J.: 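Below you will find the structure I want to go over with you.
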There are 2 protein chains.
Amino acid sequence: MAPEREVACCTPLAAPAWSDADTADIARLCRALADPNRVRIVNLLAASPQPVCVCDLTEPLGVSQPTVSHHLRTLLDAGLVQRERRGTWAYYSLDNETLRRLADVLAPPQPLEVT
Amino acid sequence: MAPEREVACCTPLAAPAWSDADTADIARLCRALADPNRVRIVNLLAASPQPVCVCDLTEPLGVSQPTVSHHLRTLLDAGLVQRERRGTWAYYSLDNETLRRLADVLAPPQPLEVT
DNA sequence: GGACTACATCGACGGGTGTCAATGTAGCGC
DNA sequence: GCGCTACATTGACACCCGTCGATGTAGTCC
């Protein structure tokens with residue numbers, strides 16, 4: 001495990017910038033966005049200035065209503081969308097702050113080029 | 001489909017900003033980051049100024065070598081990392097451009113507040 | 001050549017996931 | 001109350017995914 005000869009690899013790695021909690025959080029958010037239909041939902045919510053009800057999402061997604069509810073629940077559990085009940089309808093809106101937090105941790109906005 | 005009475009929902013949605021290809025691409029990249037071990041690999045690669053070989057990743061991840069190779073292949077297929085063979089060793093490095101592209105499409109860097 | 005090392009691939013197992021039809025639930029209007 | 005609508009939940013199915021041990025492959029060193 002500790003040879004005296006010089007080795008080309010296995011140099012000690014730099015300390016990771018993300019904690020275990022951050023890592024799990026990033027993976028959880030990315031898992032919520034790991035399905036094309038959920039990405040499309042996020043896109044539709046981002047494109048709408050007002051909250052969107054479920055019946056608006058069924059048609060453009062082309063899947064059944066239970067499937068839409070299932071995906072919305074996944075996004076809701078991940079904290080990417082928010083739900084608001086108005087009478088019979090359920091209105092969903094995008095949580096821009098969570099999405100931005102994910103984007104910022106993936107690639108910090110300062111573009112220092114190290115080429 | 002087109003009732004005369006006023007309805008509270010089902011207003012026509014705004015056109016989505018992402019094409020189907022974009023949507024699939026985002027989902028593919030996010031799926032590659034949907035596992036904590038892969039997120040940790042990306043973090044380790046981002047923290048290292050030089051490419052990292054596989055034997056450096058096995059210990060901090062705490063999984064077997066085939067599992068590390070499997071995750072690296074997933075990241076490689078997604079275009080998030082690059083491979084470079086140097087003799088016996090395989091050095092992996094992070095593709096910062098792909099990561100930044102994902103972050104930018106998730107949350108564009110201009111912070112216009114619409115509250 | 002032969003032995004060794006580093007890495008990739010294969011096969012198998014358990015668990016998670018996307019999808020649907022069917023059913024349950026809550027709110028509105030009569 | 002009753003019926004209707006919008007949405008959530010359940011159960012079932014097929015499929016994918018993370019993990020491992022075992023094996024294959026390519027490169028180095030003697």
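Only a predicted model underlies this, so the values are computations on that prediction, with no experimental measurement involved. Atoms considered below: every heavy atom in the structure, side chains included; atoms not considered: hydrogens, waters and symmetry mates.
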J.: In whole angstrom, give the distance that lies between atom CZ of B/R38 and atom P of D/dT19.
T.: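 It is 8 Å, rounded to the nearest whole Å.
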
J.: Let's test your reading of the model: under 3.5 Å, does the base of C/dA8 pair with the side chain of B/Q65 as donor and acceptor?
T.: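 Counting by modelled atom types and ignoring angles, a donor-acceptor contact under 3.5 Å is found here.
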
J.: Does B/D104 come within less than 4.0 Å of B/R101, counting only side-chain N to carboxylate O?
T.: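 No, no charged N to carboxylate O under 4.0 Å.
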
J.: So, taking the atom named CG in B/L76 and the one named NE2 in B/H71, what distance separates them when rounded to the nearest 0.5 Å?
T.: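 Atom-to-atom, B/L76:CG and B/H71:NE2 are 14.5 Å apart.
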
J.: Compare side-chain N and O positions of A/R85 against OP1 and OP2 of D/dA8 and report whether any pair is under 4.0 Å apart.
T.: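 No, outside the criterion.
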
J.: For DNA chain D, determine which residues of residues 68-76 of chain B have any heavy atom closer than 4.0 angstrom to one of its atoms, and list them numerically.
T.: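 Within residues 68-76 of chain B, the residues near DNA chain D are B/H70, B/H71.
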
J.: Find out whether the Lys NZ or Arg CZ of A/R83 is both under 6.0 angstrom from the six-membered ring centre of A/Y92 and within 45° of the ring's axis.
T.: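 Judged by the rule, A/R83 and A/Y92 form no cation-pi pair.
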
J.: Is it true that B/R28 and B/D77 have a side-chain N and a carboxylate O under 4.0 angstrom from each other?
T.: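 Between B/D77 and B/R28 there is no salt bridge, as every charged N stays at least 4.0 Å from the carboxylate O atoms.
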
J.: In degrees, rounded to 10°, what is the bend between the two ends of the helix from C/dG1-D/dC30 to C/dC30-D/dG1, using five pairs at each?
T.: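 Both end axes considered, the difference amounts to 20°.
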
J.: I need the CG-P distance between B/N37 and D/dC20, as an integer number of Å.
T.: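 Rounded to whole Å, this separation is 9 Å.
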
J.: When the distance from CD of A/E84 to P of D/dC7 is rounded to whole Å, what number comes out?
T.: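 So the two atoms are 13 Å apart, to the nearest Å.
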
J.: Does a nitrogen or oxygen in the side chain of B/R31 sit under 4.0 Å from OP1 or OP2 of D/dC17?
T.: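 Checking B/R31 against D/dC17: at least one side-chain N or O falls below 4.0 Å of OP1 or OP2.
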
J.: Would you say CD of B/E84 has more than 12 non-hydrogen atoms from neighbouring residues, nucleotides or ligands within 6.0 angstrom?
T.: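 Atom CD in B/E84 is crowded, with more than 12 foreign heavy atoms closer than 6.0 Å.
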
J.: Which nucleotide, D/dT19, C/dT19, C/dA21, lies nearest any side-chain atom of A/D35?
T.: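 Looking only at heavy atoms from C-beta outward on A/D35, the closest nucleotide is C/dT19.
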
J.: What is the separation between atom CZ on A/R83 and atom C1' on D/dA8, rounded to the nearest whole Å?
T.: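 In whole Å, D/dA8 C1' lies 8 Å from A/R83 CZ.
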
J.: Quick one: pull up OG1 in A/T74 and CG in A/L33 and give me the separation to the nearest 0.5 Å.
T.: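 Rounded to the nearest 0.5 Å, the OG1-CG separation comes to 11.0 Å.
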
J.: Nearest-Å distance, OH (B/Y91) to P (C/dA8)?
T.: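 Interatomic distance, OH of B/Y91 to P of C/dA8: 13 Å.
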
J.: For A/L57 and C/dT19, give me the distance from atom CG to atom P, rounded to whole Å.
T.: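 From A/L57 CG to C/dT19 P: 14 Å.
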
J.: Taking the side chain of B/C55 as its heavy atoms from C-beta onward, which of D/dG27, C/dC7, C/dT17 lies nearest to it?
T.: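 Among the listed nucleotides, the one closest to the side chain of B/C55 is C/dC7.
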
J.: Stepwise, does the side-chain contact (heavy atoms from CB on, under 4.5 Å) test hold for A/V81 with A/D95?
T.: CA-CA 5 Å; A/V81 304; A/D95 189 320; 6.0 Å; no

J.: Look at the side chain of A/W89 and decide which nucleotide, out of C/dT19, C/dG27, D/dC7, has an atom nearest to it.
T.: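 Out of C/dT19, C/dG27, D/dC7, the nucleotide with an atom closest to A/W89's side chain is D/dC7.
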
J.: Rounded to whole Å, how long is the line connecting atom CG of A/L61 with atom P of D/dC7?
T.: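 That distance rounds to 13 Å.
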
J.: Take the protein atom CD1 of B/I41 and the nucleotide atom P of C/dC7, then report the distance between them rounded to whole Å.
T.: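 It is 13 Å, rounded to the nearest whole Å.
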
J.: Taking only the side-chain heavy atoms of A/A90 (C-beta and beyond), determine which of D/dA8, C/dG27, C/dC20 contains the nearest atom.
T.: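 Minimum distance to the A/A90 side chain belongs to D/dA8.
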
J.: Side chain of B/T88 only, please: which of C/dA6, D/dA22, C/dG27 is the nearest?
T.: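 The answer is C/dA6.
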
J.: By nearest heavy atom, map B/G87 and A/Y92 onto DNA chain D; which one lands nearer the 5' end?
T.: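 Counting from the 5' end, the first nearest nucleotide belongs to A/Y92.
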
J.: Checking B/T98 side chain against B/G79 main chain: does a donor-acceptor pair fall under 3.5 Å?
T.: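 Judged by distance alone, yes, a pair lies under 3.5 Å.
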
J.: Within less than 4.0 Å of OP1 or OP2 of D/dC20, is there a side-chain N or O belonging to B/T67?
T.: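 For B/T67, the contact criterion (side-chain N or O under 4.0 Å from OP1 or OP2 of D/dC20) is met.
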
J.: Mark yes or no for whether A/R38, through its side chain, and A/A32, through its backbone, hold a donor-acceptor pair below 3.5 Å.
T.: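 Confirmed, A/R38 side chain pairs with A/A32 backbone.
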
J.: Please answer whether the main-chain N or O of B/P51 pairs with a side-chain N or O of B/S48 as donor and acceptor at a distance below 3.5 Å.
T.: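 Between the backbone of B/P51 and the side chain of B/S48 there is no qualifying donor-acceptor contact (under 3.5 Å).
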
